[in-house]
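Down below is the structure, laid out as structure tokens.
All values derive from a computational prediction rather than experimental measurement. Lettering of chains follows the sequences in order, A, B, ..., and the numbering in each one begins at 1.
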There are 2 protein chains.
Amino acid sequence: MADDDEITAKRPTIYDLAQIAGTSASAVSSVLNGTWKKRRISARLAERISRIAEEQGYAVNLPARMLRRDRSRVIGMIIPKYDNRYFGAIAEHFETMARERGLFPVITCTQREPDLELEAAREMLSYQVECLIVTGATDPDRIADLCSAARVRAINLDLPGSRAPSVVSDNFSGALELTRVILSRVRADFGTALPLYFIGGRAQDNNTRERLRGFTAAHVEAGLAVPEDNCLMRGYSAAKTLAAMADLKIADGSGVFVNSTIALEGVVRWLHDQPNPPQMRFGCFDWDPFAAFLPQNVGMMQQDVATMLSTAFQLIETPPEGAPTLQIPCRFRPRP
Amino acid sequence: MADDDEITAKRPTIYDLAQIAGTSASAVSSVLNGTWKKRRISARLAERISRIAEEQGYAVNLPARMLRRDRSRVIGMIIPKYDNRYFGAIAEHFETMARERGLFPVITCTQREPDLELEAAREMLSYQVECLIVTGATDPDRIADLCSAARVRAINLDLPGSRAPSVVSDNFSGALELTRVILSRVRADFGTALPLYFIGGRAQDNNTRERLRGFTAAHVEAGLAVPEDNCLMRGYSAAKTLAAMADLKIADGSGVFVNSTIALEGVVRWLHDQPNPPQMRFGCFDWDPFAAFLPQNVGMMQQDVATMLSTAFQLIETPPEGAPTLQIPCRFRPRP
DNA sequence: CTGAAAGCGCTTACAG
DNA sequence: CTGAAAGCGCTTACAG
């Protein structure tokens with residue numbers, strides 16, 4: 001692509017192109033960034049410059065452009081993990097939607113470590129992001145403060161905060177519906193009407209609390225009380241969930257509300273490790289295409305990632321008053 | 001964090017800090033970027049500057065730093081998708097390893113679209129990446145050319161190319177082993193000794209060819225010939241795989257070699273949609289924690305992402321002669 | 001031990 | 001229709 005007779009070992013700049021084209025760097029710049037009609041540069045010159053840029057394999061130096069311009073057009077996202085369908089889908093939608101809006105997306109994954117979250121947020125600010133989407137952060141408010149000090153908009157996604165607008169799933173309604181389904185399927189399949197187990201998440205985190213509230217409400221409807229011992233919340237770790245499951249005494253005719261696909265990995269492994277696996281049913285808040293087909297599964301509550309993200313982008317485009325939390329309905333996917 | 005009596009609406013620069021500290025921007029710069037001992041700045045001044053930077057909520061402007069420095073310390077990765085365990089793990093390992101090496105990782109996901117791949121590569125070059133890891137690209141050689149014209153090192157990951165070093169799984173050996181296992185399990189469970197089906201991937205792509213070679217070799221060992229009709233390669237789309245599966249006439253006693261978890265989604269759905277699902281077994285080249293527990297699964301060939309990436313980083317650190325392809329062994333994970 | 005100054009590659013008023 | 005020049009926020013020889 002690059003001319004062989006090119007001597008310089010460095011990448012061409014607009015000055016190099018200007019020299020070749022016999023024009024000024026200003027002209028080259030405006031042709032290359034699309035403002036040339038406004039500057040009333042002749043179509044002929046514009047075309048010649050474009051051709052030369054192509055020939056020289058020119059690529060604009062984005063850091064230089066960002067430094068000069070008032071807006072960076074970079075949008076950041078921090079996300080706990082990539083390795084499950086929910087966060088994977090969030091990352092993909094974020095990238096696509098950012099590009100559709102002419103923004104450059106930068107994502108960084110923070111492993112659910114509060115320190116990494118903060119460090120990543122700082123790094124994003126250094127990168128001059130115009131806006132930061134904070135996904136599933138342990139302490140979104142600290143990050144929101146950091147951002148507001150730097151006059152960068154922050155949006156919380158998945159886990160809400162109190163110092164920036166938030167977009168989350170409607171966890172209460174989703175959990176209510178999922179719990180109803182599990183209860184009714186257990187009754188239908190086994191004739192039992194026992195309170196379900198609730199497995200996964202952290203008692204302190206908002207999503208878990210909301211889901212537990214929906215879970216409890218569905219039990220109340222059914223005239224059941226949930227014993228405290230039925231709830232196992234050891235965070236977002238399949239291993240810890242698995243280790244603690246022995247305490248639960250899940251027997252034939254049981255039903256289980258699994259609070260994430262991460263916890264589900266623990267549940268499935270536990271089931272498999274039992275010498276005599278109990279006849280039971282589970283439902284899961286979160287969707288996975290393979291887990292959907294597991295024999296004991298009665299259905300999965302799929303979060304509406306597309307709507308969550310388009311809502312987040314709306315909040316970015318037209319910032320609301322205060323720090324509202326918008327709830328997005330989930331979609332129940334019955335066992336296929 | 002920021003002082004309330006601060007008037008300026010813009011973010012502080014080293015000049016602002018210098019003024020507050022009563023020193024020069026040079027001093028501030030070298031304190032903030034760690035070169036102050038070399039410049040023999042007093043510990044006292046260094047401390048004061050650090051404190052003021054903290055108080056003012058200072059964050060270095062990375063684009064400006066990148067523009068000035070000779071090395072950007074940014075490393076790029078393009079990747080087809082985030083939403084499966086393999087690519088998710090690649091993205092996570094890449095980020096972690098880049099950070100361990102003091103590099104800033106930027107990932108972008110290209111949806112298996114050749115045009116997006118090229119566009120993303122150009123964007124990475126504009127971002128002044130020092131190196132680009134090209135993962136699963138349809139046409140890695142075009143990207144390698146683009147990079148070499150810009151004097152940026154490229155490394156191919158997952159799919160090999162001929163114009164840059166490549167790191168791939170040992171697809172032949174992995175497929176050989178996986179095929180042996182499926183054949184022997186089908187024999188043990190059903191007493192049949194029929195050639196297996198091969199489902200997923202693209203006939204033109206290197207990984208599929210290599211795996212097909214291992215698949216065929218295992219059949220030869222077993223004294224079996226593989227009918228051409230047994231192979232279904234409709235690319236990386238669960239829907240297309242599913243749509244074409246009717247042609248296969250998979251019956252009781254069959255065995256299936258599934259070439260990716262993406263194809264596996266199609267296979268599992270097909271199985272489920274059958275009025276009388278055949279008694280069959282499958283194995284899959286690629287690992288997924290839930291698919292691992294599906295009843296017909298005999299085992300999954302897990303690619304060694306950690307070793308693949310540390311090998312890629314080694315190639316970056318000590319560039320080899322030419323464009324070698326390094327093969328990383330896979331690990332077979334039998335059905336739990 | 002420290003500062004003034006040049007310059008990284010752009011963009012954009014400003015002045016023709 | 002076009003160019004010279006300033007300046008974005010840093011880093012780093014260079015000169016004390």
What is the separation between atom [atom1] on [X] and atom [atom2] on [N], rounded to the nearest whole Å?
{"X": "Leu125(B)", "N": "dG9(C)", "atom1": "CG", "atom2": "C1'", "answer": "16 Å"}
{"X": "Trp36(B)", "N": "dG3(C)", "atom1": "CH2", "atom2": "P", "answer": "15 Å"}
{"X": "Leu32(B)", "N": "dG9(D)", "atom1": "CG", "atom2": "C1'", "answer": "12 Å"}
{"X": "Ile49(B)", "N": "dG3(C)", "atom1": "CD1", "atom2": "P", "answer": "8 Å"}
{"X": "Gln128(B)", "N": "dG9(C)", "atom1": "CD", "atom2": "P", "answer": "9 Å"}
{"X": "Asn33(B)", "N": "dA13(D)", "atom1": "CG", "atom2": "P", "answer": "12 Å"}
{"X": "Arg44(A)", "N": "dC1(D)", "atom1": "CZ", "atom2": "C1'", "answer": "13 Å"}
{"X": "Leu17(B)", "N": "dG9(D)", "atom1": "CG", "atom2": "P", "answer": "12 Å"}

Item checked: Pair listing, ring-ring contact (aromatic ring centres under 6.0 Å, His included) test, anchored in residues 59-88 of chain A, at least two apart -> Tyr82(A)-Tyr82(B)

Next item on the list: State whether the distance check finds a donor on one side and an acceptor on the other, under 3.5 Å, for side chain Tyr15(A) versus base dC10(C).
Entry: yes

Who pairs with [X] by side chain to side chain contact (heavy atoms under 4.5 Å, CB included), at least two apart in sequence or on another chain?
{"X": "Glu100(B)", "answer": "Thr96(B), Met97(B)"}
{"X": "Thr138(A)", "answer": "Pro114(A), Glu117(A)"}
{"X": "Arg44(B)", "answer": "Ser42(B)"}
{"X": "Leu159(A)", "answer": "Asp205(A), Asn207(A)"}

Checklist line | Sequence-distant partners of Arg101(A), salt bridge (Lys or Arg N to Asp or Glu O under 4.0 Å), two or more places apart | finding: Glu317(A)

Item checked: Exercise: do Thr108(B) and Arg99(A) side chains pair donor with acceptor under 3.5 Å -> yes

Margin query: Which nucleotide wins on minimum distance to the side chain of Ser42(A), given the candidates dC10(C), dT2(D), dC10(D)?
Written below: dT2(D)

Check: Of all the base pairs, Watson-Crick or G-U under 3.5 Å, which form stems of three or more consecutive pairs involving DNA chain D?
Finding: C:1-3 with D:14-16, C:5-12 with D:5-12, C:14-16 with D:1-3

Item checked: Sugar-phosphate only, base, or nothing, as touched by Ile41(B) at under 4.0 Å among non-hydrogen atoms -> sugar-phosphate

Checklist line | Set of residues satisfying side-chain hydrogen bond (donor to acceptor under 3.5 Å, both in side chains) with respect to Thr135(B), sequence neighbours excluded | finding: none

Check: Considering residues at least two apart in sequence or located in another chain, which fulfil the side-chain hydrogen bond (donor to acceptor under 3.5 Å, both in side chains) criterion with Arg51(A)?
Finding: Glu55(A)

Item checked: C1'-based separation of dG16(C) from dT12(C) [nearest Å] -> 16 Å

Next item on the list: Pull out every residue in residues 60-71 of chain A that has a heavy atom closer than 4.0 Å to any atom of DNA chain D, ordered by number, or say none.
Entry: Leu67(A), Arg68(A)

Checklist line | Qualifying residue for side-chain contact (heavy atoms from CB on, under 4.5 Å) with Val31(B), from Ile49(B), Thr23(B), Ile52(B) | finding: Ile49(B)

Check: When you measure from the side chain of Thr318(B) to the backbone N and O of Gln314(B), does any donor-acceptor pair fall under 3.5 Å?
Finding: yes

Item checked: Positions of residues 20-30 of chain B (non-hydrogen atom under 4.0 Å from DNA chain C), listed by number -> Thr23(B), Ser24(B), Ser26(B), Ala27(B)

Check: Using a cut-off of less than 4.0 Å, is there contact between a side-chain N or O of Tyr58(B) and OP1 or OP2 of dC10(D)?
Finding: yes

Note to self: By the side chain to side chain donor-acceptor pair (under 3.5 Å) test, which pairs, at least two apart or in different chains, include something from residues 124-134 of chain A?
What the structure shows: Arg71(A)-Glu130(A)

